[in-house]
Engineer: 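Starting off with a structure, shown below.
Here, residue 1 is the first one in the sequence, and each next residue gets the next number.
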Amino acid sequence: QELPETVLLKFCRPENTPVPARPTPEQLSNLIKTSLHYPESFNHSFHNKSLCLVPVTLLLSNCSQAVVDVMIDLRHKPASCEALEIHGSFTWLGQTQYKLQLQGQEVYSLQLKACFVHTGVYNLGTPRVFAKLVDQVTLFETSQQNSMPALIIINNV
């Protein structure tokens, strides 16, 4: 029997491949990666000073090559009362909203201060981050995907 002739396949891509004009909602919600840097636990003498201030760094990384407008809102509180009962409530000191612009692949470090009045376990993962491409004409920035809870233990010494 004669074997069938093997034919090489050639894949061609047209030179003028259309680029999608609008990024998908998923791409827009992953423009900025955030991470919080803080001590795992913090010792404070509430007897000597009623307010415990903890320095926290919010690191923002632009994951795209494009220039991105970023808005950070620290006024967000957990939606459920249960979360407040478990972790307690704390306050971000100082400015509560930030607007900045990150260049492609830029990493920006924002220094924050968290204020606690009781011992306990708290979730620092409350900042909401919104972003949009600079050249994108939209009324609202896209909410960026939030990372895992950022728990800190406040101890009385």
Engineer: Any sub-3.5 Å donor-acceptor pair from His44's side-chain atoms to Lys49's backbone N or O?
Structural biologist: yes
Engineer: Which distance, rounded to the nearest 0.5 Å, do you find between the CG of Leu110 and the CG of Leu36?
Structural biologist: 10.0 Å
Engineer: Check Pro39 against Pro55 and note the closest heavy-atom contact, atom names and distance.
Structural biologist: CD-O, 4.0 Å
Engineer: Below 4.5 Å, heavy atoms only, C-beta onward: do Phe90 and Ile154 meet side chain to side chain?
Structural biologist: no
Engineer: Could you check Tyr108 against Val70 for side chain to side chain contact (heavy atoms under 4.5 Å, CB included), going step by step and ending with a plain yes or no?
Structural biologist: CA-CA 11 Å; Tyr108 185 83; Val70 181; over 6 Å; no
Engineer: Do Leu112 and Leu124 come within less than 4.5 Å of each other through their side chains, counting heavy atoms only?
Structural biologist: no
Engineer: Nearest 0.5 Å, please: how far is CG in Asp73 from OG1 in Thr126?
Structural biologist: 9.5 Å
Engineer: With a 4.5 Å cut-off on side-chain heavy atoms, are Thr119 and Asn155 touching?
Structural biologist: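 Heavy-atom side-chain distance check fails, nothing below 4.5 Å.
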Engineer: Give a yes or no on whether the backbone of Leu151 and the side-chain of Tyr38 come within a donor-acceptor separation of less than 3.5 Å.
Structural biologist: yes
Engineer: Ile72 vs Leu60, test: side chain to side chain contact (heavy atoms under 4.5 Å, CB included). Steps then yes/no.
Structural biologist: CA-CA 10 Å; Ile72 300 121; Leu60 303 154; 3.7 Å; yes
Engineer: Could you give the distance from CD (Gln95) to NZ (Lys113), rounded to the nearest 0.5 Å?
Structural biologist: 14.5 Å
Engineer: Between Gln105 (side chain only) and Ser64 (backbone N and O only), is there a donor and an acceptor less than 3.5 Å apart?
Structural biologist: yes
Engineer: Considering non-hydrogen atoms only, spot the tightest contact between Asn156 and His47 and give its length.
Structural biologist: OD1-N, 4.4 Å
Engineer: For a quick test of reading the model, state the closest non-hydrogen atom pair linking Gln97 to Arg75 and the distance between them.
Structural biologist: NE2-NH2, 2.8 Å
Engineer: Heavy-atom count around Glu40 CD within 6.0 Å, excluding the residue itself: above 12?
Structural biologist: no
Engineer: Mind checking the CE-NZ spacing from Met71 to Lys132? Nearest 0.5 Å is all I need.
Structural biologist: 12.0 Å
Engineer: Report yes if some heavy atom in the side chain of Val56 is under 4.5 Å from a heavy atom in the side chain of Leu58; otherwise report no.
Structural biologist: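 Counting from C-beta outward, Val56 and Leu58 never come under 4.5 Å.
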Engineer: Quick check: does any side chain N or O of Asn123 sit under 3.5 Å from a backbone N or O of Ala150, one acting as donor and the other as acceptor?
Structural biologist: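 Side chain of Asn123 to backbone of Ala150, a donor-acceptor pair under 3.5 Å: yes, one is there.
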Engineer: Taking side chain to side chain contact (heavy atoms under 4.5 Å, CB included) as the test, write out the residues that go with Leu51, two or more places apart.
Structural biologist: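 By the side chain to side chain contact (heavy atoms under 4.5 Å, CB included) rule, Leu51 matches Cys115, Val117.
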Engineer: For His37, which residues count as a side chain to side chain contact (heavy atoms under 4.5 Å, CB included) partner, sequence neighbours excluded?
Structural biologist: Ser35, Thr57, Leu59
Engineer: First locate atom OH of Tyr122, then atom OG of Ser89, and finally report the distance between them rounded to the nearest 0.5 Å.
Structural biologist: 8.0 Å
Engineer: Would you say Val129 and Val107 are hydrophobically clustered, going by side-chain heavy atoms of ILVMFWY under 4.5 Å?
Structural biologist: no
Engineer: Is there a donor-acceptor pair under 3.5 Å between the side chain of Asn62 and the backbone N or O of Gln103?
Structural biologist: yes
Engineer: Within the structure provided, determine whether Asn30 and Cys63 are in side-chain contact (heavy-atom separation under 4.5 Å).
Structural biologist: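 Result no, sub-4.5 Å side-chain heavy-atom pair not found.
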